[in-house]
There are 2 protein chains.
Amino acid sequence: MADDVFKALADPTRRRILDELVERDGQTLFEICARLVTKHGLGLSRQAVSQHLAVLESAGLVHVRRQGRYRFHDLDTGPLEHIAARWLTPDRPESTP
Amino acid sequence: MADDVFKALADPTRRRILDELVERDGQTLFEICARLVTKHGLGLSRQAVSQHLAVLESAGLVHVRRQGRYRFHDLDTGPLEHIAARWLTPDRPESTP
DNA sequence: ACGATAGGCAAGTGACGGCTTGCCCATCAA
DNA sequence: TTGATGGGCAAGCCGTCACTTGCCTATCGT
């Protein structure tokens, strides 16, 4: 379960996609693709973004809401909240400044 | 900077190493290697663990303190604390239950 | 000094991941 | 109904990554 989240966060492009979704929720594939190209200068194809979204979806970080011929992608930050808590035990001095 | 942290956390074995270090700090290479084999049944060589520790060190998650012919590895949870904060903005409903 | 312990440095291999290409399906406007 | 739009599927290419193997260095005990 959490393994998929770490694997999903391992790629920089996927993290950029999360950045775009946290800025505006419910974007479609072409919107995300256009934003990555224009704002970040990334030259990647539509299928590349589609595969990245599939990885993010299987990790539970993105939920897809289809409507007609559109697929709107919504960010879910739930799996992110307790990711690092595994090593941030309260009895460690680093985690309690 | 944070890219190295995500890359370091991408591997399951490296996350196991962090689990061992959070349980007891200052372990040596052979200790970590023996723990991974006995407790988790992982059959990996000494160099594999050494390379994993190098990745964790370059990510700032592990600090090495050498003393004689020993290398003690100390966990540093600092880079872990604000990893997910990038997407956990306070105005999102998911992050404020 | 000698052997044993703790670790390092390559080079090589196999597999997985990211990306592309090409073709196909579904939905909407005209 | 036709064409255009939004997206999916499958195969293939190539790079990176995890891991091994072999040999080498340094430190400690006796």
Side-chain angles (χ1 to χ4, degrees), chain A residues 2-21 24-38 40-74, chain B residues 2-21 24-38 40-59 61-75:
Chain A
D3 290 25
D4 300 320
V5 181
F6 285 113
K7 268 182 54 181
L9 293 177
D11 189 77
T13 305
R14 282 195 287 269
R15 295 196 294 271
R16 287 272 164 71
I17 292 178
L18 294 182
D19 291 338
E20 296 303 321
L21 286 180
R24 178 150 63 90
D25 223 0
Q27 292 191 54
T28 179
L29 173 60
F30 277 99
E31 290 182 88
I32 299 173
C33 198
R35 283 197 168 208
L36 290 178
V37 172
T38 61
H40 302 281
L42 303 179
L44 26 72
S45 68
R46 179 180 54 89
Q47 280 76 5
V49 183
S50 181
Q51 290 167 8
H52 281 310
L53 286 172
V55 175
L56 290 172
E57 188 185 2
S58 70
L61 292 167
V62 165
H63 294 159
V64 180
R65 159 176 51 101
R66 41 188 338 154
Q67 180 177 339
R69 61 175 162 176
Y70 298 100
R71 276 172 54 98
F72 301 107
H73 301 83
D74 297 314
Chain B
D3 290 26
D4 300 320
V5 180
F6 285 113
K7 268 183 56 180
L9 293 177
D11 190 78
T13 305
R14 282 195 286 268
R15 295 195 294 269
R16 288 270 163 73
I17 292 177
L18 294 183
D19 292 338
E20 296 302 321
L21 286 180
R24 177 151 62 90
D25 223 0
Q27 292 191 54
T28 179
L29 173 60
F30 276 98
E31 291 183 87
I32 299 173
C33 198
R35 283 197 166 209
L36 290 178
V37 172
T38 60
H40 301 281
L42 302 179
L44 29 71
S45 68
R46 177 181 55 88
Q47 280 75 4
V49 183
S50 180
Q51 290 168 7
H52 280 310
L53 287 172
V55 175
L56 291 172
E57 188 186 2
S58 70
L61 291 167
V62 166
H63 293 161
V64 180
R65 160 174 50 102
R66 38 188 339 153
Q67 179 178 339
R69 61 174 162 177
Y70 298 101
R71 274 172 56 99
F72 301 107
H73 300 84
D74 297 316
L75 177 63

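The chains referred to below are lettered A, B, ... by the order of the sequence lines, with proteins before strands, and numbering in each begins at 1.
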**Student:** Using a cut-off of 4.0 Å between protein heavy atoms and nucleotide atoms, how would you tag nucleotides 19-30 of chain C 5' to 3' with B, S and -?
**Tutor:** BBBB----BS--

**Student:** Restricting to side-chain contact (heavy atoms from CB on, under 4.5 Å), what partner residues turn up for A:Phe72, sequence neighbours left out?
**Tutor:**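 If we apply the side-chain contact (heavy atoms from CB on, under 4.5 Å) test to A:Phe72, skipping adjacent residues, the hits are A:Arg65, A:Gln67, A:Tyr70.
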
**Student:** Return the set of residues passing side chain to side chain donor-acceptor pair (under 3.5 Å) with B:Glu31 (not counting sequence neighbours), or none when no residue passes.
**Tutor:**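 With neighbours one apart ignored, the set is B:Arg24.
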
**Student:** B:Arg65 has an atom CZ; how far is it from atom C1' of C:dA6, in whole Å?
**Tutor:**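 Interatomic distance, CZ of B:Arg65 to C1' of C:dA6: 16 Å.
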
**Student:** State the CD1-CG distance between A:Ile17 and A:Leu29, to the nearest 0.5 angstrom.
**Tutor:**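 If I round to the nearest 0.5 Å, the distance is 9.0 Å.
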
**Student:** Does A:Asp4 have any side-chain contact (heavy atoms from CB on, under 4.5 Å) partners at least two apart in sequence or in another chain, and if so, which?
**Tutor:**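 side-chain contact (heavy atoms from CB on, under 4.5 Å) list for A:Asp4, sorted by chain: A:Ala59.
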
**Student:** With sequence neighbours excluded, tell me which residues meet side chain to side chain donor-acceptor pair (under 3.5 Å) with A:Arg14.
**Tutor:**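 Once residues adjacent in sequence are excluded, the partners of A:Arg14 under the side chain to side chain donor-acceptor pair (under 3.5 Å) criterion are A:His52.
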
**Student:** If you walk 5' to 3' along DNA chain D, what is the first nucleotide with an atom under 4.0 Å of a heavy atom in chain B, and what is the last?
**Tutor:**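 Terminal contacting nucleotides, 5' to 3': D:dC17 to D:dC28.
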
**Student:** Which pairs of donor and acceptor atoms, one on a side chain in residues 41-48 of chain A, lie under 3.5 Å apart (sequence neighbours left out)?
**Tutor:**
residue	atom	partner	partner atom	Å
A:Ser45	OG	A:Ala48	N	3.4

**Student:** Can you measure A:Arg16 atom CZ to C:dG18 atom P for me and round it to whole angstrom units?
**Tutor:**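 For the pair A:Arg16 CZ and C:dG18 P, the rounded distance is 15 Å.
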
**Student:** Would you give the length of the straight line joining atom CG of B:Asp19 to atom CG of B:Leu75, rounded to the nearest 0.5 angstrom?
**Tutor:**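 CG of B:Leu75 is found 9.5 Å from CG of B:Asp19.
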
**Student:** Check whether any side-chain heavy atom of A:Lys7 sits under 4.5 Å from a side-chain heavy atom of A:Val55, and report yes or no.
**Tutor:**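 Sidechains of A:Val55 and A:Lys7: no contact.
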
**Student:** For B:Gln51, which residues count as a side chain to side chain donor-acceptor pair (under 3.5 Å) partner, sequence neighbours excluded?
**Tutor:**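 So B:Gln51 forms no side chain to side chain donor-acceptor pair (under 3.5 Å) with any residue.
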
**Student:** Angle between the end axes of the helix from C:dA1-D:dT30 to C:dA30-D:dT1, five pairs per end, to the nearest 10 degrees?
**Tutor:**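 Comparing the axis at each end, I get an angle of 30°.
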
**Student:** Just how far, in rounded Å, is P of C:dT5 from CZ of B:Phe72?
**Tutor:**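 After rounding, the reported distance stands at 17 Å.
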
**Student:** List for me each residue that meets side-chain contact (heavy atoms from CB on, under 4.5 Å) alongside A:Arg66, sequence neighbours excluded, and say none if there are none.
**Tutor:**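 side-chain contact (heavy atoms from CB on, under 4.5 Å) check on A:Arg66 returns A:Arg71.
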
**Student:** Taking only residues two or more places apart in sequence or in another chain, which ones pass side-chain contact (heavy atoms from CB on, under 4.5 Å) with B:Val62?
**Tutor:**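 side-chain contact (heavy atoms from CB on, under 4.5 Å) check on B:Val62 returns B:Leu18, B:Leu21, B:Leu56, B:His73.
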
**Student:** Indicate, with a heavy-atom threshold strictly under 4.0 Å, whether B:Arg66 touches base, sugar-phosphate, or nothing.
**Tutor:**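 Nothing, no nucleic acid heavy atom in range.
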
**Student:** Can you tell me how far CG of A:Asp3 sits from CZ of B:Arg15, rounded to the nearest 0.5 angstrom?
**Tutor:**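 So the gap between those two atoms works out to 4.5 Å.
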
**Student:** Specify the residues of residues 53-61 of chain A, ordered by number, for which at least one heavy atom lies under 4.0 angstrom from an atom of DNA chain D.
**Tutor:**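 DNA chain D contact set from residues 53-61 of chain A: none.
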
**Student:** Can you name the nearest heavy-atom pair linking A:Glu20 to A:Gln27, along with the distance?
**Tutor:**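 Reported closest heavy-atom pair: O-NE2, 3.0 Å.
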
